[in-house]
Amino acid sequence: SFYYKKKDWISTVVMLGHMTDYVIEAAKYEKKVMVLDFVTPTPLGNSWGLGGTCVNVGCIPKKLMHQAALLGQALEDSRKFGWQFTEEVKHNWMTMTESVQNYIGSLNWGYRVALREKKVTYENAYGEFVGPHTVKATNKRGVEKLYTAERFLIATGERPRYLGIPGDKEYCISSDDLFSLPYCPGKTLVVGASYVALECAGFLAGLGLDVTVMVRSILLRGFDQDIANKIGEYMEGHGINFIREFVPIKVEQIEEGTPGRLKVIAKSTKGNQIIEGEYNTVLLAIGRDSCTRKIGLDKVGVQINEKTGKIPVNDEEQTNVPYIYAVGDILQDKLELTPVAIQAGRLLVQRLYAGATSKCDYVNVPTTVFTPLEYGACGYSEETAVEKFGEENIEVYHSHFWPLEWTVPSRDNNKCYAKIICNIQDNERVIGFHVLGPNAGEVTQGFAAAIKCGMTKEQLDSTIGIHPVCAEVCV
Amino acid sequence: PVLLLEPVPQNPGPQNEYDLLVIGGGSGGLACAKEAAQFGRKVAVLDYVEPSPQGTKWGLGGTCVNVGCIPKKLMHQAALLGSALKDAQHYGWNIAQPVHHTWSLMAQAVQNYVKSLNWGHRVQLQDKKVKYFNMKGSFSDPYTIRGLTKAGKEVSCCVISAILPVCSQIAGALEYGITSDDLFWLKKSPGKTLVVGASYVSLECAGFLTGIGLDTTVMMRSIPLRGFDQQMASLVTEHMESYGTKFLKRCFPTKVEKLESNRLQVTWKNTDLGTEETDSFDTVMWAVGRAPDTEALNLEAVGVKTNSETGKIVVDASEATSVPHIYAIGDITEGRPELTPTAIAAGKLLAQRLFGQSSELMDYDNVPTTVFTPLEYGCVGLSEEMAVRCYGSDNIEVYHAYYKPLEFTVAERDATQCYMKVVCLREREQRILGLHFIGPNAGEVIQGFALGIKCGATYPQLMKTIGIHPTCAEEITKLHITKRSGLDATVTGC
């Protein structure tokens, strides 16, 4: 939803999240700002507070549960480093989930306080356009209010897609449910090959659960495929089962419970083979759909891509309707990342109210996939670099490495990997950076800054490494 | 030290000519030797470890591999894992108390790994056809290293021998105390330990000893981490104090005695209170600095100039000493950072200049480094005080922030000292002069930014870089509160 205030800004937000930052930015310029945020419950009835996907059902709980899984590994390593404790260590799902949810609750609260302090009006209501410059806000109890404003910002985000097969909405969960699940998911089937699927499968396995990933075709579409395959191999080597080239066609309940027992019937994508499997939980992670279909965009003439639901904007985040803007996951051809949305939103407000001219730079945006073996990337994948520049015009430098911390526990030698893609014709400028290893996000961030400065291979070579850290393998 | 006076056993006779003789088989020496061998040159490495006063010895690889970076980081990791065990319980892992740490298990694992590296280095030298002599090298004349037959006039000589821990001169120091040379090779736990010194060696060692559960005290004469940014140095020691390391500030020891119980009684002077105090420890470790053993090299005899104060070898930008065919790299050179990666880089470039077609000199500017204390400190470029000294406080801007790593939240860990700052020029371009970061994985965070600084990164470029979420490093791309503004620099929100 979104909202607006008489004569001034309207910020549109469902999945507010970090959006608060730019909403607060607008309020800084003494504009009257209002935020409408509303979470339509999941098919299983789950909902959450102010902050959006990232805070409630994305980045934050994901990273915390990933950390819980990493700590499980740390426990094992610690024995090799001289720590002694009982052999059997079990993980308690409820303890972890409660801690994570408490932290999220503090963030929800923090955002409400921040909005209040900056005198931004917040309403927990579902917003939709009903006419030019006019929005209707409907709260939980069905009470409707109308608001008008000078400008509007749509930042409604996305929600997980369902398969459209029998039993999917009744029995399957999505990432919207996973992070607050009030019972341990048990033996889990993760359907999908997105980073959401692999990150969730990864930490569930790290917590000791029996995990299977069902993949229709390739892993991590859109990411460097060489690295995507290494990630898959690592996960398989660590006990995660992969069922390739199958899609579920039916989910049945064998037994109710927390968790219950489900039967999944799947069909091969390559023929007529049918397989069956039994799981406690089925987690769907096959993609996300923009929340743009039911917010009355047709009433105000905002064009959307009919197929994908995404909103095309110009380089100033403006839709085809001059007083309506959009940021975040719903944008067409832009990255679905929190920091991108925040940056875009903040700069937008500065352009509108502070006379600034900076536009959001969507090029060379770094990202990290928090799979058990983390993957940080910035710039071109090897295949897109080859496509754009031609194989003869790029040079790829690469290396495997073994983090020092993994030597003593004799773990995973030769699994970590780094590669740099350079454009020979442009002074061997670094156009792609990829690292597979621990703390990949921390490693990649600085390299992203260097890429922004136009670093070349020569500059990379002349930079001294910090010893002994993983990142030094890249210089 | 015993020196071989007869010719080398394998190939006696005047045919034994080397293009390059490397004295010191550490980070710099091995890198230079291997690089020179790539050019088809005849190279020999002399490496010899004089046992420490306590009798500790080790194999090929130098300080870094045997008694520096490698065992240090591994023991630091052991300590970090101790914290991870505590965190794990908040994250749902049911670990039955008590949890305890056994020194010998850790030490053996670390020592075994180091030995595998010694072996690996010997194999590498063999593969590259570099001759290795486990003997002490010293000059008997400008072209001869005692122990080897005379080499031809074209021989270059690369000196990379170590600097060694300095021991205090007070009574009992040498007999009863140990240094970092011994710490990593102890078979039994050091127990209740006093670490004397304020160097990164002192703080890193005291840090991991505390982390594995030992009663540890640091005695400092004056300021911690001299030469580093002092605001950051204070945050590092503040964290160590809250972590459990005890500090005796502005104190210096006057004597060390052995008690009947075999414990060590240390007496010291507290310069602030003017009092004399005493306590007993199982181990006293000296970390009061490192100095070169250039006397043993007999450099005077061949005319290689050293700095009268430090004893280090004076070199120019091409690593040349005052004697044309004798070069020096690594910790033993005057005015250079005492770091493994710089020694390696300098060694490679030297070999490329001597035997390849290169004329590239080593760039010692903006070398990043990390102090692996319990809360790590990574930095590149100028400290704030150095920037002020060079440019004047009106001409620099410092952006800073206190932040909380996401992983600390559920773990209920104190993030009071998690802090970062970027020091920039104030004029239009706002070039970045220095970057300082305290927090987990500081080395990983700083490395890429060091690269950016090498590319002349400016503050606006930093701000244009999108962050990776959720990480600690992303906070660097969001720094926007200046010290000058006086505003609260605490990051809020997730």
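Letters go in sequence order (proteins before strands), and every chain restarts at 1. The basis for the numbers below is simple: all heavy atoms, side chains too, and nothing from hydrogens, waters or symmetry mates.
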Closest heavy-atom pair and its distance - Pro470(B), Cys59(A): CG-O, 3.7 Å

Partner chain B: residue of Cys378(A), Gly208(A), Ala449(A) with the largest heavy-atom pair count (under 4.5 Å): Ala449(A)

Between Val99(B), Val367(B), Thr409(B), the one whose heavy-atom pairs under 4.5 Å with chain A are most numerous: Thr409(B)

Lys452(A) side chain to Thr465(B) backbone, donor-acceptor under 3.5 Å: no

Partner chain B: residue of Thr97(A), Leu207(A), Asn439(A), Asp77(A) with the largest heavy-atom pair count (under 4.5 Å): Asn439(A)

Heavy-atom pair of closest approach, residues Trp93(B) and Ala68(A): NE1-O, 2.8 Å

Residue part contacting chain A, namely of Ala88(B), when any heavy atom lies under 4.5 Å: both

Under 4.5 Å from a heavy atom of chain B, the part of Tyr362(A) involved: neither

Pick from Ala448(A), Ser358(A), Ser462(A) with the largest number of heavy-atom pairs that fall under 4.5 Å of chain B: Ser462(A)

Toward chain B, the part of Val89(A) with a non-hydrogen atom under 4.5 Å: both

Straight-line distance of Phe437(B) CZ to Glu442(A) CD, nearest 0.5 Å: 6.0 Å

Per-residue contact mode, Gln89(B) against chain A (heavy atom under 4.5 angstrom): backbone

Nearest heavy-atom neighbours spanning His101(B) and Phe81(A): NE2-O, 2.8 Å

Backbone of Met463(B) reached by a side-chain donor or acceptor of Gln343(A) within 3.5 Å: yes

For chain B, the option from Met455(A), Lys90(A), Glu98(A) that forms the most heavy-atom pairs under 4.5 Å: Lys90(A)

Atom group of Ile70(B) that falls short of 4.5 Å from chain A, counting heavy atoms: both

Between Lys73(B), Glu360(B), Met75(B), Glu412(B), the one whose heavy-atom pairs under 4.5 Å with chain A are most numerous: Lys73(B)

From CZ (Phe85(A)) to CG (Leu85(B)), nearest 0.5 Å: 5.0 Å

Chain B interface, residue from Val408(A), Thr368(A), Val365(A), Leu64(A) that has the most non-hydrogen pairs under 4.5 Å: Leu64(A)

Arg112(A), CZ: over 12 other non-hydrogen atoms inside 6.0 angstrom: no

Closest-packed option against chain A by number of heavy-atom pairs under 4.5 Å, given Asp363(B), Thr342(B), Leu462(B): Thr342(B)

Point-to-point distance, once rounded to the nearest 0.5 Å, from CD of Gln67(A) to CG of Asp87(B): 7.0 Å

Heavy-atom contact with chain A under 4.5 Å, split by part of Thr102(B): both

Tyr364(B), part contacting chain A, at a heavy-atom distance under 4.5 Å: neither

Other residues, nucleotides, ligands: >12 heavy atoms within 6.0 Å of Arg79(A) CZ: yes

Value rounded to 0.5 Å, distance of CG in Leu71(A) from OH in Tyr91(B): 6.5 Å

Heavy-atom pair with the smallest gap, counting every atom of Ala74(A) and Ala84(B): CB-CB, 4.1 Å

Most contacts with chain A, counted as non-hydrogen pairs under 4.5 angstrom, among Gly82(B), Gly92(B), Ala411(B), Gly213(B): Gly92(B)

His469(B) side chain to Val340(A) backbone, donor-acceptor under 3.5 Å: no

Candidates Val443(A), Thr463(A), Ile464(A), Val473(A) - the one meeting side chain to side chain contact (heavy atoms under 4.5 Å, CB included) with Gln447(B): Thr463(A)

Residue Thr369(B) versus chain A: region with a heavy atom under 4.5 Å: backbone

Under 3.5 Å: donor-acceptor pair, side chain of Gln461(B), backbone of Cys453(A): no

Separation between OG1 of Thr95(A) and NE2 of His90(B), rounded to the nearest 0.5 Å: 11.0 Å

Enclosure of Lys404(B) NZ (heavy-atom neighbours >12, cutoff 6.0 Å): yes

Heavy-atom pairs under 4.5 Å with chain A, option from Ile453(B), Thr471(B), Leu105(B), Leu435(B) with the top count: Thr471(B)

Glu474(B) (side chain) donor-acceptor with Gln445(A) (main chain) under 3.5 angstrom: no

For Pro341(B) against Ile466(A), the heavy-atom pair lying closest together: CG-C, 4.4 Å

Gap separating the CG atom of Leu75(A) from the CD1 atom of Ile95(B), nearest 0.5 angstrom: 4.5 Å

